[in-house]
Amino acid sequence: MSARLIDGKAASKRVLAEVRERVGACTAKGVTPTLAVVLVGDDPASQVYVRNKGRRAADVGIATRDHRLPAEGTTTASLLQLVAELSADREVDGILVQLPLPPHIDADAVLLAIDPAKDVDGFHPDNLGRLMLGQPRFVPCTPAGCMRLIEEAGVDPSGKGALVVGRSTIVGKPMAQLLLAANATVTVAHSRTVDLAQEVGRAEILVAAVGRPRMIRGEWIRPGATVIDVGINRLDDGSLVGDVDFEGALSSAGAITPVPGGVGPMTIAGLMRNVVASAERRARG
Ligand code: GUN
């Protein structure tokens with residue numbers, strides 16, 4: 001058996017086409033959906049992410065305001081001041097502070113200062129709390145994209161055993177909440193999990209979000225499982241691989257996301273969807 005590929009690029013195009021239409025409707029009402037992007041320092045991966053977000057926003061008609069700040073000279077206080085200004089700016093619908101922030105900046109304080117109604121990343125405690133209560137406003141973009149890909153694969157999580165590997169605030173924890181809300185029986189594995197192979201072997205839905213190249217062996221995967229690989233790891237030879245041994249998984253999984261071309265494009269599409277949803281609230285007044 002060879003697993004079906006879940007095409008994140010194609011799925012993201014469908015999401016972006018919907019977003020483009022909704023952006024057009026907002027613009028027709030005099031509201032230009034606007035995303036403010038804050039990047040501190042010169043981390044190369046962050047620069048790539050921010051550039052891609054800017055391009056995608058332009059593609060769908062979302063305006064961006066870039067705030068690129070040097071690591072040296074930017075303090076927690078100055079960043080809090082900027083975030084307060086953006087939060088108060090009527091014309092800004094979404095605020096994205098690219099993570100990781102330099103270590104001398106208090107990232108928790110900065111995220112807490114973002115107006116939760118503009119927190120298009122969904123990282124503010126208000127939005128994470130709402131997700132846990134089953135009253136989501138902004139859902140973090142990567143887990144939202146993973147749920148959409150599970151749906152695209154034709155899989156209903158209800159009653160299924162799901163394993164999330166990784167417990168980050170950005171992916172693992174919200175992912176577990178979304179799967180739970182969709183009535184899966186959810187397990188979260190992490191660095192202290194004793195027998196990861198056994199946990200993986202039980203999972204009908206597997207979401208891998210650890211950031212370690214090919215850490216999940218193909219032979220561990222339960223036959224027919226739906227595999228969502230969030231990892232994007234660059235090897236020394238320059239190639240990109242996921243957290244799952246893709247070649248090995250092909251013979252056991254029922255469906256699997258490739259890397260690249262799986263979850264990655266869905267994350268940016270999810271961000272754009274959150275921005276237009278915020279602008280629609282502004283347009284309704
Ligand atoms: N760094 C890595 N992923 C993300 C993300 O989704 N949002 C932000 N703001 N920073 C990130």
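All of these numbers come straight from a predicted model, not from anything done at the bench. Counting starts at 1 for both ligands and their atoms, following the listed order.
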Q) Salt-bridged, Glu152 to Arg148, with N to O below 4.0 Å? A) yes

Q.
Does the protein come close to atom 3 (N) of ligand 1 - that is, does one of its heavy atoms sit below 4.0 Å from that atom?
A. no

Q) To which protein heavy atom is atom 10 (N) of ligand 1 closest, and what is the distance rounded to 0.1 Å? A) Leu99 N, 3.0 Å

(Q) For Asp119, is there an ion pair with Arg137 - N to carboxylate O distance below 4.0 angstrom? (A) no

Q.
Please work out, at 4.0 Å between heavy atoms, whether the side chain, the backbone, both, or neither of Leu271 comes within that distance of ligand 1.
A. neither

Q) Would Val97 count as a contact of ligand 1 if the rule is a heavy atom under 4.0 Å away? A) yes

**Q.** Salt bridge Asp7-Lys9, side-chain N to carboxylate O under 4.0 Å
**A.** no

(Q) Looking only at protein heavy atoms, which one is nearest to atom 11 (C) of ligand 1, and what is the separation? (A) Gln98 NE2, 3.4 Å

**Q.** Leu163 and Glu204, any side-chain heavy atoms less than 4.5 Å apart
**A.** no

Q. What is the closest protein heavy atom to atom 9 (N) of ligand 1, and at what distance does it sit?
A. Asp121 OD2, 2.6 Å

Q) Is there a side-chain contact between Val164 and Leu179 (heavy atoms, below 4.5 Å)? A) yes

